[in-house]
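Report on the following structure.
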Amino acid sequence: MFDLIVRNANLPDGRTGVDIGIAGKKIVAVERNLEAQAKDEIDATGRLVTPPFVDPHFHMDATLSLGLPRMNVSGTLLEGIALWGELRSNATKEELVDRALRYCDLAVTQGLLFIRSHVDTSDPKLVTVEAMIEVREKIAPYIDLQLVAFPQDGYYRSSGAIDALDRALDMGVDIVGGIPHFERTMGEGTASVEALCRIAADRGLPVDMHCDETDDPLSRHIETLATQTIRFGLEGRVAGSHLTSMHSMDNYYVSKLIPLMAEAQINVIPNPLINIMLQGRHDTYPKRRGMTRIRELMDAGLNISFGHDCVMDPWYSMGSGDMLEVGHMAIHVAQMAGIEDKKRIFDALTVNSAKTMGIEGYGLEPGCNADLVVLQARDTLEALRLKPNRLAVIRCGKTIARSEPRIGELFLEGRPAKIDGGRDYAPRH
């Protein structure tokens with residue numbers, strides 16, 4: 001007797017008509033025609049069942065704050081930082097918690113159950129840290145939240161930032177962050193990378209840095225990050241987020257840089273929605289889009305995972321908590337429209353991001369945690385194209401969210417009465 005069986009599921013690896021048997025909080029069987037009974041069953045009806053979506057780069061302390069204290073008129077990264085600085089100084093713990101919890105409600109309905117959030121440690125009061133630690137505790141039954149100590153105003157540039165980051169880590173923040181390209185000089189940026197990697201090594205913590213989020217091809221802090229990763233023995237535990245300057249670097253330098261990153265086993269986290277929105281703001285035409293070199297980094301064997309980064313905050317007025325929207329945009333801006341390309345993009349929203357975050361028990365094999373999502377799509381390619389409804393979201397073997405299928409009704413003579421957006425609207429072959 002199983003607690004739950006999800007029947008007739010298509011899996012991301014291409015298997016079809018599979019039954020998934022769940023007992024307690026674990027997957028215990030994945031096979032065709034599972035001859036067993038269960039207390040509850042879900043018929044996936046030949047639709048895609050996937051592990052939950054994972055967002056390895058987000059700013060939960062700022063989410064849903066769009067318009068406070070005013071709109072970002074220029075649409076630039078720097079104005080967004082300035083606006084957030086004004087808002088942060090007056091934000092209360094209660095409102096920070098409220099906004100974050102409301103976003104997490106949205107995330108659950110989108111099948112997003114793992115999030116890594118950068119938490120601004122620039123204000124010495126550390127109200128943001130207190131709030132996000134409380135959120136982490138409140139949502140633990142349904143979302144795993146990792147927190148990064150993030151000196152938004154610069155580790156050396158901002159007065160008191162060094163002490164504040166240490167105190168945030170002492171309070172229980174999980175990961176060491178940084179923003180070397182926002183320091184006053186390249187030299188201070190380089191020094192900050194070294195100092196922060198040393199802290200991570202001494203404390204036994206991972207590193208996740210905003211790195212080279214700029215159009216400047218001479219912003220090369222990822223080179224320093226890779227070097228310090230090797231120096232301190234942090235291979236595989238360091239993430240470089242954004243890396244948009246690689247979009248503008250010359251090919252010869254990149255041909256040396258990527259092997260160094262691969263040697264350091266850097267996890268790379270592009271943020272397609274935000275990167276193409278904020279970069280190229282000083283260009284006329286041709287206008288750069290600022291996405292890092294996704295295909296080349298993947299081909300070199302680096303672990304690439306995509307972040308949503310922002311939802312309705314001073315940097316980004318859009319966003320839905322839907323990681324498939326992130327992947328959909330990545331396909332376009334990276335020009336990765338081939339079948340195998342799309343499969344790699346989907347992995348960047350799921351298994352690759354789970355690796356970046358070090359999630360244990362993630363997957364759809366016996367012994368994995370019973371966390372999964374049923375989508376109104378036949379396969380990963382269709383999911384990326386349609387961004388379909390999440391018909392069921394399951395956490396630890398329990399259904400925690402449902403959505404009705406998206407069905408269109410037609411009132412046309414001689415045509416079908418209903419259209420299933422995924423199943424019917426697709427090439428016949």
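- A salt bridge links E86 with R70: the closest approach of a Lys/Arg side-chain nitrogen to an acidic carboxylate oxygen falls below 4.0 angstrom.
- Separation of the F58 and H118 ring centroids does not fall under the 6.0 Å cut-off.
- Using modelled atom types, one side-chain atom of D212 and one backbone atom of H221 make a donor-acceptor pair closer than 3.5 Å.
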Would you sort out whether N303 and T356 count as a side-chain hydrogen bond (donor to acceptor under 3.5 Å, both in side chains), showing the intermediate values?
CA-CA 8 Å; N303 184 51; T356 295; 2.9 Å; yes

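- Side-chain contact between I294 and M291: present, with at least one pair of heavy atoms (C-beta onward) separated by less than 4.5 Å.
- Side-chain polar atoms of H242 and N271 form a donor-acceptor pair below 3.5 angstrom.
- R99 has no carboxylate O lying under 4.0 Å from a charged side-chain N of D313, or vice versa, which leaves the two without a salt bridge.
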Does R344 form a salt bridge (Lys or Arg N to Asp or Glu O under 4.0 Å) with E340? I'd like the steps, not just the answer.
CA-CA 6 Å; R344 293 204 287 179; E340 294 305 317; over 6 Å; no

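- The two residues I258 and A300 have their closest heavy-atom pair at CG2-CB, 3.4 Å.
- At most 12 non-hydrogen atoms from other residues, nucleotides or ligands lie less than 6.0 angstrom from CE of M318.
- A salt bridge does not link K125 to E130: none of the charged side-chain nitrogens sits closer than 4.0 Å to a carboxylate oxygen.
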Test salt bridge (Lys or Arg N to Asp or Glu O under 4.0 Å) applied to D283 and R289, step by step:
CA-CA 10 Å; D283 295 353; R289 295 270 45 96; over 6 Å; no

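- Taking the centre of each ring, H210 and H59 come in below the 6.0 Å mark.
- Nearest approach of I266 to G240, heavy atoms of both residues: CG2-N, 3.9 Å.
- Side-chain contact, S122 with Q152: no donor N or O sits under 3.5 Å from an acceptor N or O.
- A donor-acceptor contact shorter than 3.5 Å links the side chain of S74 to the backbone of T76.
- Between the T63 side chain and the M60 main chain, no donor and acceptor come within less than 3.5 Å of each other.
- A distance of 5.5 Å separates CD1 of I27 from CG of L372, quoted to the nearest 0.5 Å.
- S89 and D123 share no side-chain donor-acceptor pair at under 3.5 Å.
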I would like to know whether T92 and E95 meet side-chain hydrogen bond (donor to acceptor under 3.5 Å, both in side chains); could you show each step before the answer?
CA-CA 6 Å; T92 66; E95 66 184 89; 3.2 Å; yes

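- Summarising the local packing, CE of M329 is surrounded by 12 or fewer heavy atoms from other residues, nucleotides or ligands at distances under 6.0 Å.
- Between the side chains of R293 and N251, at least one donor N or O sits under 3.5 Å from an acceptor N or O.
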Decide yes or no on salt bridge (Lys or Arg N to Asp or Glu O under 4.0 Å) for R102 and D98, but give the supporting numbers first.
CA-CA 6 Å; R102 286 192 290 123; D98 175 68; 3.2 Å; yes

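- Y155 does not carry R184 over the face of its six-membered ring by the limits of under 6.0 Å from the centre and within 45° of the normal.
- N275 places no side-chain N or O within donor-acceptor distance of the main-chain N or O of G290, the cut-off being under 3.5 Å.
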side-chain hydrogen bond (donor to acceptor under 3.5 Å, both in side chains) between S305 and N267: does it pass, once the steps are laid out?
CA-CA 8 Å; S305 50; N267 296 287; over 6 Å; no

Take D420 and R47 through the test salt bridge (Lys or Arg N to Asp or Glu O under 4.0 Å) and record every step on the way to the result.
CA-CA 12 Å; D420 179 324; R47 302 183 193 272; 2.9 Å; yes

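- In this structure a side-chain-to-backbone donor-acceptor pair under 3.5 Å is present from R288 to D215.
- Side-chain contact, T45 with D43: no donor N or O sits under 3.5 Å from an acceptor N or O.
- Between D170 and R203 there is a salt bridge, since a side-chain N of the basic residue sits under 4.0 Å from a carboxylate O of the acidic one.
- You'll find the side chain of L260 reaches within 4.5 Å of the side chain of I230, heavy atoms only.
- Remark: K287 NZ is packed, more than 12 non-hydrogen atoms of other residues, nucleotides or ligands lying under 6.0 Å away.
- The one candidate from D61, D174, D144 that meets the salt bridge (Lys or Arg N to Asp or Glu O under 4.0 Å) condition with R136 is D174.
- Listed for the R116 side chain is no donor-acceptor partner under 3.5 Å among the backbone atoms of I175.
- The two residues S353 and A348 come nearest to each other via the heavy atoms OG-O, 2.8 Å.
- Between the side chain of E183 and the main chain of R157, a donor-acceptor pair closer than 3.5 Å is present.
- H308 and H57 have their aromatic ring centers separated by at least 6.0 angstrom.
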N389 vs S403, test: side-chain hydrogen bond (donor to acceptor under 3.5 Å, both in side chains). Steps then yes/no.
CA-CA 6 Å; N389 285 3; S403 294; 5.3 Å; no

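- The minimum heavy-atom distance between T350 and P52, with the atom names listed, is CG2-O, 4.1 Å.
- Neither side chain, T244 nor E213, offers a donor N or O lying under 3.5 Å from an acceptor on the other.
- A distance of 10.0 Å separates CZ of R385 from NZ of K387, quoted to the nearest 0.5 Å.
- In this structure, K26 places its NZ atom where more than 12 heavy-atom neighbours from other residues, nucleotides or ligands lie under 6.0 Å away.
- Counting heavy atoms of neighbouring residues, nucleotides and ligands inside a 6.0 Å radius, atom CD of E235 exceeds 12 of them.
- Donor-acceptor pairing under 3.5 Å is recorded for the side chains of W84 and D120.
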